[in-house]
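Notes to accompany the following structure.
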Protein chains: 2
Amino acid sequence: MNTHKCKDCLLKSAAALNLNDSEFEILEGNSVQVNFKKGEIIIKQNAMSLNVAYLRTGIVKLHLQGPSREKILRIVKAPAYIGIPTTFGDKINRFSVTALEEATVCFIDSTLFRNFIYTNGKFAYEILVELCRNELIDYQRSASQAQKQITGLVAETLLCMSDNIYESDNFNFPLTRSEMGDLIGASRESVSRVLTDFSNEKIIEIHSNGISLLKKDLLKQISDKG
Amino acid sequence: MNTHKCKDCLLKSAAALNLNDSEFEILEGNSVQVNFKKGEIIIKQNAMSLNVAYLRTGIVKLHLQGPSREKILRIVKAPAYIGIPTTFGDKINRFSVTALEEATVCFIDSTLFRNFIYTNGKFAYEILVELCRNELIDYQRSASQAQKQITGLVAETLLCMSDNIYESDNFNFPLTRSEMGDLIGASRESVSRVLTDFSNEKIIEIHSNGISLLKKDLLKQISDKG
DNA sequence: TTAATAGTGTGATAAATATCACAAATATTT
DNA sequence: AAATATTTGTGATATTTATCACACTATTAA
């Protein structure tokens, strides 16, 4: 099996920080680290969910098949758990997870994970807090989705990628126009039009390496107004 | 304080079923049951969140102020926890909860609740499972919201109220047209037009006591097609 | 290097929905 | 019972976005 020492991992989750030495040893015997290339599927919708996936490095998209096409639920950057809801919320995976760039993922046996929850209250608490935070983010995005027009949603997405994923005003943009449409609920043509308008108005700059945000304050205004 | 015995409550959550006698005694000393009338606010957005609310009876709406107007996040029927994400996900309430009909709510001290999570693994696990299930429901609704047209969303909402909230094809409808618009992200006029069309086509019947679903199969088709 | 495939941008048109205005109906308050 | 407030339904018009078609660009595979 693997030779990594979970205890020595520098990318532990807030929950894992609460594990003791013996728990780490058990973890090592019941988990496996896998590397994924861009575009590879990490978790597959409709497959059975028998383990918990922890994204150590990289960026992924959570997505599912909607009524008429793919729906991207959220973009997640490491380090973070990426499948807890679908592992403990149902018996089969209700969504897929796909790598947007090279990623490393630790798969943890779900029975072991459940035992950590049963026996390590602080571990359980940190997992619960993360689930709660995610739910609040979902609620906020649900309101945006319902009430903003496409221009506001594109602006919000660019700001989110800049502030929360890349933490930079210049970044690679891992999504195609079609995928961005899947994320915000618009057609790829509408997304393209807005990005081109932003580029023509020098609000952003689109280059082969990605995107630069030139007028973040204006983007914020556009996002807030919807 | 109150005289109710939490241990004897017939409307316990799946999590609370894992509490022992002494935990129940502590719970009784750190919680209070309150009655609410239709329209009264149970949890207020932007207030500090110091306790966990458990809805014993009644139906409520979770809502928040969106970019341009109110957004109803979900309709919750008792018995269920109604504020865990906003209690443990942040220091202030990120959403409000309002009674849609008479409701009884138990407010539980959040420090005590956290202690139950720390010390009672099965309790923690059941809470976590409920959070996971809610997240999966949110994901499904997010896809619907983004990809269905208003007719499909109205149909889906009627089916959801019938199957999950009232468990009947004839039910009171606790939302105004405007509120239904806040739930699905449409204007009250659009909602009114769709409901009137459904009524004219004898798919549903609208009367002073509420709504009857006459052709559920057709509603299901309309919902699935979006 | 070339061919095939995927992604993108744009124009034109269709469809869906919002907005506005207003009257009628219903519910609530006095 | 009457007055007031709120909700609802409808028509007309405006706005937003999707769809379709097509050409161009970029990427991938052979």
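Sequence lines set the chain letters: A, B, ... in the order given, protein chains first and strands last, and positions in each chain run from 1.
The two residues Lys71(B) and Asp182(B) make their nearest non-hydrogen contact at CD-O, 3.4 Å. Considering every non-hydrogen atom in both Ile92(A) and Thr86(A), the closest pair reads O-OG1, 3.6 Å. Between Cys6(A) and Lys12(A), the closest heavy-atom pair is O-CE, 3.7 Å.
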For residues 193-206 of chain A, please give each side-chain donor-acceptor pair under 3.5 Å, one per line with the distance, not counting sequence neighbours.
residue   : atom : partner   : partner atom : Å
Thr196(A) : OG1  : Ser192(A) : O            : 2.8
Asn200(A) : ND2  : Thr196(A) : O            : 3.4

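Residues Cys132(A) and Ile84(B) form a side-chain contact, since some pair of their non-hydrogen atoms from C-beta on lies under 4.5 Å apart. Counting heavy atoms from C-beta on, the side chains of Tyr139(B) and Leu62(A) come closer than 4.5 Å. Between Pro174(B) and Met161(B) there is a side-chain heavy-atom pair separated by less than 4.5 Å.
Annotation: proximity of residues 194-212 of chain A to DNA chain C (heavy atom, distance under 4.0 Å) is found for Thr196(A), numbered in ascending order. Contacts of residues 169-184 of chain B with DNA chain C (heavy atom under 4.0 Å): none. Near DNA chain C, meaning a heavy atom under 4.0 Å from it, residues 138-155 of chain A has no residue at all.
Comparing the axis of the opening five pairs of the helix from dT1(C)-dA30(D) to dT30(C)-dA1(D) with that of the closing five pairs yields an angle of 60°, rounded to 10°.
Counting to the nearest Å, the C1' atom of dA18(D) and the CZ atom of Arg188(A) are 12 Å from each other. Rounded to an integer number of Å, the gap from Glu189(B) CD to dT8(D) P is 11 Å.
Ring geometry for Phe113(A) versus Tyr81(A): interplanar angle over 60°, hence perpendicular rather than tilted (30 to 60°). Between Phe171(A) and Tyr166(A), the ring planes are parallel. Angles under 30° get that label, and only those over 60° would be called perpendicular.
There is no side-chain donor-acceptor pair under 3.5 Å between Ser49(A) and Thr87(A).
Ion pairing between a basic and an acidic side chain is recognised when a charged N comes within 4.0 Å of a carboxylate O; Glu135(B) and Arg74(A) show such pairing. Here Lys77(A) pairs with Glu167(A) in a salt bridge; the nearest charged N to carboxylate O distance falls below 4.0 Å.
No hydrogens or angles were tested; on distance alone, a donor-acceptor pair under 3.5 Å links the side chain of Arg193(B) to the base of dT19(C).
For residues 210-226 of chain A, every residue pair satisfying the side-chain hydrogen bond (donor to acceptor under 3.5 Å, both in side chains) rule, not counting sequence neighbours, is listed here: Lys148(A)-Ser223(A), Ser162(A)-Lys216(A), Asp163(A)-Lys216(A), Asp169(A)-Lys216(A), Asn170(A)-Ser212(A), His207(A)-Ser212(A), Lys220(A)-Asp224(A).
Comparing dT10(C), dA21(C), dG9(C) against the side chain of Ser192(A) picks out dG9(C) as the nearest.
The 5' end of DNA chain D is approached more closely, in terms of each residue's nearest nucleotide, by Val191(B) than by the other of Val191(B) and Lys38(A).
Residue contacts shown for Gly226(B) are absent, as no nucleic acid heavy atom lies under 4.0 Å away.
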